[in-house]
There are 2 protein chains.
Amino acid sequence: MTVLLGDCLEQLQNIPEESVDLIYLDPPFFTQRKQKLKTRDNSKEYSFDDSWESIEDYKQFIKDRLEACKKVLKKTGSIFLHCDKSASHYLRVALDEVFGMNNFQSEIIWTYKRWSNSKKGLLNNHQNIYFYSKSKSFKFNTIYTDYSATTNIDQILQERVRDENSKSRYKVDENGQVVLGKEKKGVPLSDVWNIPFLNPKAKERTGYPTQKPILLLEQIIKIVTDEGDTVLDPFCGSGTTLVAADLLGRNYIGIDTSEDAIELTKERLNNPIKTSSHLLEKGEKEYLTKDETELAILNSLNALPVQRNKGIDGFLREYYKEKPVPIKIQKPNETFEEALDSLLFASQKRSCVLKVLIKTKHEDNLLDFITQEQPDENLIVIDSYDLIIKNWIKSHGNVEEFVTQ
Amino acid sequence: MTVLLGDCLEQLQNIPEESVDLIYLDPPFFTQRKQKLKTRDNSKEYSFDDSWESIEDYKQFIKDRLEACKKVLKKTGSIFLHCDKSASHYLRVALDEVFGMNNFQSEIIWTYKRWSNSKKGLLNNHQNIYFYSKSKSFKFNTIYTDYSATTNIDQILQERVRDENSKSRYKVDENGQVVLGKEKKGVPLSDVWNIPFLNPKAKERTGYPTQKPILLLEQIIKIVTDEGDTVLDPFCGSGTTLVAADLLGRNYIGIDTSEDAIELTKERLNNPIKTSSHLLEKGEKEYLTKDETELAILNSLNALPVQRNKGIDGFLREYYKEKPVPIKIQKPNETFEEALDSLLFASQKRSCVLKVLIKTKHEDNLLDFITQEQPDENLIVIDSYDLIIKNWIKSHGNVEEFVTQ
DNA sequence: AGGGAGCGTGAATCTGTTC
DNA sequence: CGAACAGATTCACGCTCCC
């Protein structure tokens, strides 16, 4: 949990060897020009020099720092080097030399849509991130994504065999029925990541040049570290990596040569803002957080979600007796009674008539309540789909039969 | 319109200097293993060797051939070098050396989804194509694509100005309103190309290893050549480049060291088969047959949506008694009985045990059914939240009280 | 238009060879 | 004879065009 000022080449000497699980580097690019950017209110200008004598100089500069990085990286650790098109090939040669060709794991393509002034040629809509591990036994957490829309999931569930020509065939039993295989987990994450470029208007924007979206960093951190692991960013800039590490419960170390950057980083760490990108909310499931379940329930009711309200999660689009109809979904850490009380309290304040409570948890001592009279005749209590299924299974004996493998 | 047998290093000597508009190379990758593949009917096996003494040998091999290519390329011509992750960085260094860093135009990322997937780490779902021109005055035809659905059209149409710090800003009038610019043609083509990988079932397949989709080559040919121009492929393999050039009315020259390849290429040119990709033409959305309500219900159940099966809308992620649990949502144009029948039929075929039916419509004549015995003891019928609320209101009299305001 | 064939990738397992 | 290694073979897998 440190942020250090200085050249990482020197600062890395003070970090214990083999103590870091992930290093993410976003070094200055070889663009041969000065990067400048002002804060929104023009009060401050950040800048740093991106110019080098030659591409060989640049490569050596990076290589020296990569060597220092390798020292502090654990045997099971990984390094991610973020490049742009100008010099990605030279940087990768440097990585090959320091970490070894065999430890190359992936070239991650970060793609985004960007409105940019048209030049002759193709629009530049991606950047490259090279993923190397320190050894063969590197830590990796597979993230599973949904199947493609073109995939016949029904068929995915079928078991297969190989025939005499070693061609794969779907297995059928003696009656010609398909045979189903084990549970499937989904499709492992690809090396092409479609994550929106930081919107210039987004709150996340700090005004520091080359800032990367938190989502990109979160994904990297998730796949190669666990909670409590240590993340290092030797060119931390505005501190996106550290903010992401912090949000995910990882320890972090940041280094930068610029006092401005260090100051800004510390500020951001005190007050992290994550952009909730519209695109991500709609499309990409892998970023869904816990309360997405809630949102899904509200969506299936075609209800308007409400934020920051203890007793009400949403309202139906229709009114009943000229009053809005509030909906409350029981939270995992809430008893039924607590949920009910907070709904009734909130509804009364707004003088709503009809109210809906979605029950998501089974509670034995509730049997009393259900057989009793309803405490409010204009209350609808609905068991969630999930709960109904769980209850059915429970009442049919073996709950153990119903397991995620 | 020639197809030549032999090493391109020699064959290129016989081609007039500065006579070619586009060179596409798909040289053997540095995979260090033998590539082989059989034709569908097992009649023929194609193979070639992808192994090299060292990466330096490989790089020199390519560099020699790039030099020869440069000679025959027109001043306005371009070269596209197709690489995969194994050695793309060394190849690009070679390109820098032969054509000059300044003539680098784009790194094209060809991304696709592919069936095969078992790997510690991220799935390899892209290949790299380096686009260099011979000079600054290279030929280029801009292709415009539709604005992506997630793009904020408003922003694209806004006019922009540069302020005193040469920073780009959206132009506003004296009232602070944004000013709309001239009509735009669309978004110029990106450097990330999503083109389906040649599918195992595609008729276009020849059985030749590493065969590329015609669509990929067509896109390359379109952006840097006009009709009547000449396209050269020094490692033509199964001849995809030549077929694409032919289909687009360009002249072509192909070279390969393998007699099999030359023979196959000639055959294909006589009878070009191009697979039309429904996925590419219609987009992924076409496959998404579920409407938002259905998806919301499946989401709230944390179920996998099934896009392509009759009788089943999704599967729970957990198995019950080692069998998947299908979910069916009653459609607006479906009676309860129809929905039930199709679910039961589909479940039986897959020998599923537990099944879930979400009822979304009230039907009076169903009273019989509900009071009767369930037709299947392992069936759970759940009223949708919506239906429960509607039923409640109905039973409490005034439906007119329930209105959208 | 719903259902299914067939591929090639990378791992895990098996087999063979050497000391 | 056993261990260590290398090479060969087997295995599981999801995508999408075809019928």
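What you see is a predicted model; the values in this text were computed from it and never measured. Lettering of chains follows the sequences in order, A, B, ..., and the numbering in each one begins at 1.
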With heavy atoms under 4.0 Å as the rule, sort A:Gly186 into base, sugar-phosphate or nothing. sugar-phosphate
Give one of base, sugar-phosphate or nothing for A:Ile156, where a contact means two heavy atoms less than 4.0 Å apart. base
Position toward the 5' end of DNA chain C (nearest nucleotide), B:Asn309 or B:Phe197: B:Asn309
Taking the side chain of [X] as its heavy atoms from C-beta onward, which of [options] lies nearest to it?
X        : options                : answer
B:Thr275 : C:dT9, D:dC17, C:dG3   : D:dC17
B:Ser116 : C:dG2, D:dC17, C:dT9   : C:dT9
B:Arg350 : C:dG6, C:dG3, C:dG10   : C:dG3
B:Ser118 : D:dA12, D:dC17, D:dC18 : D:dA12
B:His278 : D:dC17, D:dC15, D:dC13 : D:dC17
B:Lys120 : C:dA11, D:dT16, C:dG2  : C:dA11
A:Ser148 : D:dC15, C:dG3, C:dG6   : D:dC15
B:Arg114 : C:dG10, D:dC13, C:dT9  : C:dT9
A:Thr150 : C:dA11, C:dT9, D:dC15  : D:dC15

Quickly work out the [X] [atom1] to [N] [atom2] distance and round it to whole Å.
X        : N      : atom1 : atom2 : answer
A:Gln158 : C:dG6  : CD    : C1'   : 14 Å
B:Glu204 : C:dC7  : CD    : C1'   : 15 Å
B:Asn125 : D:dT16 : CG    : C1'   : 14 Å
B:Leu122 : C:dT9  : CG    : C1'   : 15 Å
B:Asn117 : D:dA12 : CG    : P     : 13 Å
B:Asn199 : C:dG8  : CG    : P     : 11 Å
B:His126 : C:dT9  : NE2   : P     : 15 Å
A:Asp154 : C:dA5  : CG    : P     : 13 Å

For [X] and [N], is the shortest distance between a side-chain N/O and OP1 or OP2 below 4.0 Å?
X        : N      : result
B:Lys201 : D:dC19 : no
B:Ser277 : D:dT16 : no
B:Arg205 : D:dC18 : no

Students often mix this up, so state it plainly: with edges at 30° and 60°, are the rings of B:Phe61 and B:Phe235 parallel, tilted or perpendicular? tilted
Classify the ring geometry of B:Trp110 against B:Phe197: parallel below 30°, tilted from 30° to 60°, perpendicular beyond 60°. parallel
Hey, which of these two, B:Lys113 or B:Ile273, hits DNA chain D nearer its 5' end, going by closest nucleotide? B:Lys113
State whether a side-chain donor-acceptor pair under 3.5 Å links B:Ser238 with B:Gln211. no
What I want to check is whether the side chains of B:Thr275 and B:Arg205 have a donor and an acceptor closer together than 3.5 Å. no
Could you tell me whether a side-chain N or O of B:Asp84 sits under 3.5 Å from a main-chain N or O of B:Asn128, the two making a donor and an acceptor? no
Is B:Ser347 reaching over with its side chain to a backbone N or O of B:Leu343, donor-acceptor style, under 3.5 angstrom? yes
